[in-house]
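We count ligands from 1, going down the list as the structure has it; atoms in each ligand are counted the same way. One is the number of the first residue; the rest follow in order along the sequence. Every value quoted in this text rests on a predicted model; they were computed, and no experiment measured them.
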Amino acid sequence: MSTLVKYECLQGVALIAINNPPVNALSHGVRNGLLDSIRRFEDDEGAQIAVLYGTGRLFISGADISEFGQSPQPPHLPDVILQIERCDKPIVAAIHGVALGGGLEVAMGAHYRVAHGQAKLGMPEVKLGLIPGAGGTQRLPRLVGVDNALKLITGGNPIDASDALQMGLIDRIATDEDVSVAGIAFAREIVLGMGPGSRVTTQPGERSQSTEVLPRRTGDMSVEPASESAMKEWRKTLTASARGEIASLVALDAIEASTTLSFAQGLQEERRLFSILMDSPERAGLIHAFFAERKVAKLAEISNVKGKDIAHIGVIGGGTMGAGIATTALLGGYTVTLIEKDTPAATAARSAIENNLDGAVKRGKLDIALRHQLEKIRLVTSTHYHSLADADLIIEAVFEDMDIKKQVFQAMDAAAKPDAILATNTSYLDINEIAACTNRPESVLGLHFFSPAHVMKLLEVVVADKTSPELIATGFSLARRLGKIAVRAGVCDGFIGNRLLTHYRTAADHMVLDGASPYQVDKALTDYGFAMGPYAVADLAGLDIGYAARQRRTPFRHPRERHPGWADDLYHEGRLGRKTGKGYYLYSAGSSRGAEDPHVEELVAQTRHEAGITPRAFSDEEIVTRYLCAMINEAARLLDDGIATRPSDIDVVLLFGYGYPRRKGGPMHTADQLGLPAVLRNIQLFAQDDDFFWQSAPLLEQLVAQDRNFNSLN
Ligand code: 3HC
Ligand code: NAI
């Protein structure tokens, strides 16, 4: 008998417990164990009814995702669930924590469902590039109707127990803390004919205890088809929002099949569609992203290190980033003291934070009463550094200028208590140099937030030469509490994300110099799946940022570096992007969608003319290839330099901070999919025209020579 699924019988009730920590995934062993337990229950004359539940913190998290991509081992989940459903004695699923994907499919195969009040139920498969593949697309519409099933399956977001009860997905919300106890109580009521007892057949004259209790099978229920116009509307909405992802549209097909085919045929159709998606690159990319996201916090240097306790956070500078950082800290439950250089700036910062909090209330992320408490009690704005005396962590977010940062760090060092942590939000500057101007370099690190800091999920934890492991661990635990994903980065110009950005933006600038228009570049990349192209990104960040970075690098510029002269022209014309209503694009008041501007093309043409370049045409495919190859090549150098710990960390940075399409898994995963020899060949080909920019990274050459891929370094 399997140790992953335990069977016992207590006074007529069989208890089937899934015990596969940490999340009771339906691995091969669990499927086997479940099948054995169901057969044993069928044969167990002492058991009238069974309760199926999960041990640990949740019911079942779904199919075992780590088995995807390998050849599937029987028993297959759909067959296990059919065995549950076809069982001739009733089975109650008792759900706590979560029932997701295959987990909810198991519950729907059972004949009754009881859920703990805090439980979440959902079908997240589309987020992995899949559809439910163990009967979910056929049973869910039967239980909750086509419209609810479409919402749950194509949206992929879980619902809570009260909504599940309302739509008929579960039969009862359990009041007992221990859901197996609630399941047993419910099972006894059914046996006694007191449960949702209309389904219990009682022969006249029989005592209820000996009642034959018939299972209520979801597969035997009928589906009410949705109107043709409703389905058309769904297809339209899903096509518009799919952004190249196919799973939710395939889910629609599968759910539609539940209304036109028999249950058995519907299951077959679901299987067919599921298998197609299982073999898709979209599924591989999304699952790579799922695991990359979870691996990122696993670092040998902090495996046994506890972070410092942080209660009070100081923020210096209340501009774009400082106000956002203060907001996210308040939302994370911290006390915040924000320092600005004068009273008007402090007042402006407070009002920016108030606006951010109001936005959080509007989006349902913050309770209105708590909002006032946060702002009135938890937030102090001041112009005096001595207000930071109690802060456990102080994050600097002043202008991107080394001299100013050094002055600020010396003031922070003097004002902060001895064990306080000092952090900088710098985008590019040398954190070793900043740390060296304090008396506590081991207590200095980079905490690089992304704009808007209270919304974006990425946080680069930048580790300087003397940063202690305790600080790194603190950075990671801070990120968790803020609901963010931390990635470890080393010190260099731009850390992981901005160093890559600089490089692939340069590749884009070269294409524009040689004949592509910035608008074609942006369009080719958004068509590929990026949230934005590099020129729309520049407008969002502000063209002054790029200008300042170019100025800073001017003294070190190699004579062979090609210069995007038009970008300086735009800056000098006061076109700073969205904030001035004009940059690469023209923005009408209140709109974030920009219009193309022929004047920008004229400035570009002027730069080409001055450089003696005859423009040539670029295909969209070439644009994407050059952009990706530049990104991958520089990423390989980052790994070689030890700035990033592993390739999948780079994927996480690009996915969560730079709008890389999640279905492609990140640039390192994309490189593996393209094949590293092909990437290297392209780089060598591009080098025929510009062997200064297109120098292939030694690590890339090495991996190709060894016939390995980036994943082998994860
Ligand atoms: N299969 C395999 N491993 C899984 C898993 C799954 N379904 N779900 C989680 N894990 C692993 C994680 O990788 C992690 O491993 P690690 O400790 O080695 O890094 C560990 O379990 C804990 O996971 P989390 O860190 O995510 O734990 P949380 O408590 O934060 O969240 C959870 C738990 C809500 C269950 C979350 O893990 C989750 O959302 N899991 C995925 C659920 C899902 O997508 N289910 C559908 C699967 S596809 C399917 O069922 C197809 C079917 O229709 C045939
Ligand atoms: P900003 O110009 O919007 O804000 C800077 C603020 O610092 C101003 O409000 C200014 O009054 C204040 N300030 C300046 N000197 C000060 C001092 N001595 N004491 C107290 N306050 C002082 O700049 P932004 O965009 O917020 O950038 C801040 C830092 O964050 C920079 O290092 C930048 O590189 C970095 N960063 C910026 C991102 C962005 O998208 N804007 C993203 C990530 C990091």
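Of the options Q410, E396, E433, a side-chain hydrogen bond (donor to acceptor under 3.5 Å, both in side chains) to K405 is made by E396 and by none of the others. Only one option out of T137, L277, L130, L100 pairs with E125 in a side chain to side chain contact (heavy atoms under 4.5 Å, CB included); it is L130.
Shown in contact with E105 at under 4.0 Å from a heavy atom are these atoms of ligand 1, numbered in order with element: 52 (C), 53 (O), 54 (C). Of all atoms in ligand 1, numbered sequentially from 1 with element shown, those under 4.0 Å from a heavy atom of F291 are 13 (O). Per-residue contacts place I316 under 4.0 angstrom from the following atoms of ligand 2 (heavy atoms of the residue considered): 19 (N), 20 (C). Every atom of ligand 1 with a heavy atom of P124 under 4.0 Å away is listed here by number and element: 43 (C), 44 (O), 45 (N), 46 (C). Atoms of ligand 1 lying under 4.0 Å from any heavy atom of E125, numbered from 1 in the order shown and given with element: 48 (S), 49 (C), 50 (O), 51 (C), 52 (C), 53 (O). The contact set between ligand 1 and R57, taken as ligand atoms under 4.0 Å from a residue heavy atom, comprises 27 (O), 28 (P), 29 (O). Atoms of ligand 1 lying under 4.0 Å from any heavy atom of G62, numbered from 1 in the order shown and given with element: 50 (O). Under a 4.0 Å criterion applied to the non-hydrogen atoms of K298, ligand 1 contributes the atoms 16 (P), 17 (O), 18 (O), 19 (O). Near P22, with a cut-off below 4.0 Å to any heavy atom, the atoms of ligand 1 are 20 (C), 21 (O).
Among protein heavy atoms, the minimum distance from atom 25 (O) of ligand 1 is reached at R294 NE, 4.0 Å. In this structure, atom 37 (C) of ligand 2 lies nearest to the protein heavy atom M321 CG, 3.3 Å. Of the protein's heavy atoms, V23 CG2, 4.2 Å lies nearest to atom 11 (C) of ligand 1. The protein non-hydrogen atom at the shortest distance from atom 19 (N) of ligand 2 is Y385 OH, 3.4 Å. Scanning the protein heavy atoms around atom 1 (N) of ligand 1, the nearest turns out to be I65 N, 2.9 Å. For atom 18 (N) of ligand 2, the closest non-hydrogen atom of the protein is V408 CG2, 3.5 Å. Remark: minimum distance from atom 14 (C) of ligand 2 to any protein heavy atom is reached at F399 CE1, 3.5 Å. Atom 7 (N) of ligand 1 has as its closest protein heavy atom A63 O, 2.8 Å. Protein heavy atom in closest approach to atom 35 (C) of ligand 1: S61 CB, 3.5 Å. Of the protein's non-hydrogen atoms, F290 CZ, 3.7 Å is the one closest to atom 40 (N) of ligand 1. With respect to atom 2 (C) of ligand 1, the closest heavy atom belonging to the protein is D64 OD1, 3.2 Å.
For ligand 1, the polar-atom distance check finds no N/O of L128 at less than 3.5 Å from any of the ligand's N/O atoms. By the 3.5 Å distance cut-off applied to N or O atoms, E396 is not counted among the residues near ligand 2. Close N/O approach between P132 and ligand 1 is not found [any backbone or side-chain N/O within under 3.5 Å]. Remark: ligand 2 and S427 share an N or O pair separated by less than 3.5 Å (distance only, no angle test). Where the criterion is an N or O separation shorter than 3.5 Å, residue side chain and backbone included, S66 fails it with respect to ligand 1.
Heavy-atom separations between F450 and ligand 2 are all 4.0 Å or longer. The shortest heavy-atom distance from L130 to ligand 1 is not under 4.0 Å. Assignment of A541 to the shell around ligand 2 is not supported, since no heavy atom sits closer than 4.0 Å. Ligand 2 is never approached by Q407 to a heavy-atom distance shorter than 4.0 Å.
Using a 4.5 Å heavy-atom cutoff, the side chains of P158 and V98 are not in contact. A 4.5 Å side-chain heavy-atom check between T383 and K341 finds every atom pair outside the cut-off.
In this comparison of T320, L447, N498, the heavy atom closest to atom 25 (O) of ligand 2 sits on T320. Scanning L100, I287, V296 for the heavy atom closest to atom 34 (C) of ligand 1 points to L100. Considering E340, K405, M456 only, the shortest heavy-atom separation from atom 12 (C) of ligand 2 involves E340.
Between F530 and Y660, a ring centre-to-centre spacing shorter than 6.0 Å is recorded. If you look at Y658 and F450, their ring centroids are closer than 6.0 Å.
Counting heavy atoms under 4.0 Å from ligand 2, residue V398 touches it through both backbone and side chain. Only the backbone of I339 comes within 4.0 Å of ligand 2, counting heavy atoms alone; no side-chain atom from C-beta on gets that close. Contacts of Y428 with ligand 2, taken as heavy-atom pairs under 4.0 Å, are absent altogether.
A salt bridge is absent between K127 and E245; no separation between the charged side-chain nitrogens and carboxylate oxygens falls under 4.0 Å. Salt-bridge formation is detected for the pair E301/R488: a Lys NZ or Arg NE/NH1/NH2 atom is positioned less than 4.0 Å from an Asp or Glu carboxylate oxygen.
Counted by atom type alone, Y53 and N24 present zero donor-acceptor pairs between their side chains at under 3.5 Å. Judged purely by distance below 3.5 Å, without hydrogens or angles, the side chains of N19 and T55 pair a donor atom with an acceptor atom.
Within a 4.0 Å radius of atom 30 (O) of ligand 1, the protein contributes no heavy atom. Within the 4.0 angstrom cut-off, atom 40 (O) of ligand 2 has one or more protein heavy-atom neighbours. Within a 4.0 Å radius of atom 52 (C) of ligand 1, the protein contributes one or more non-hydrogen atoms.
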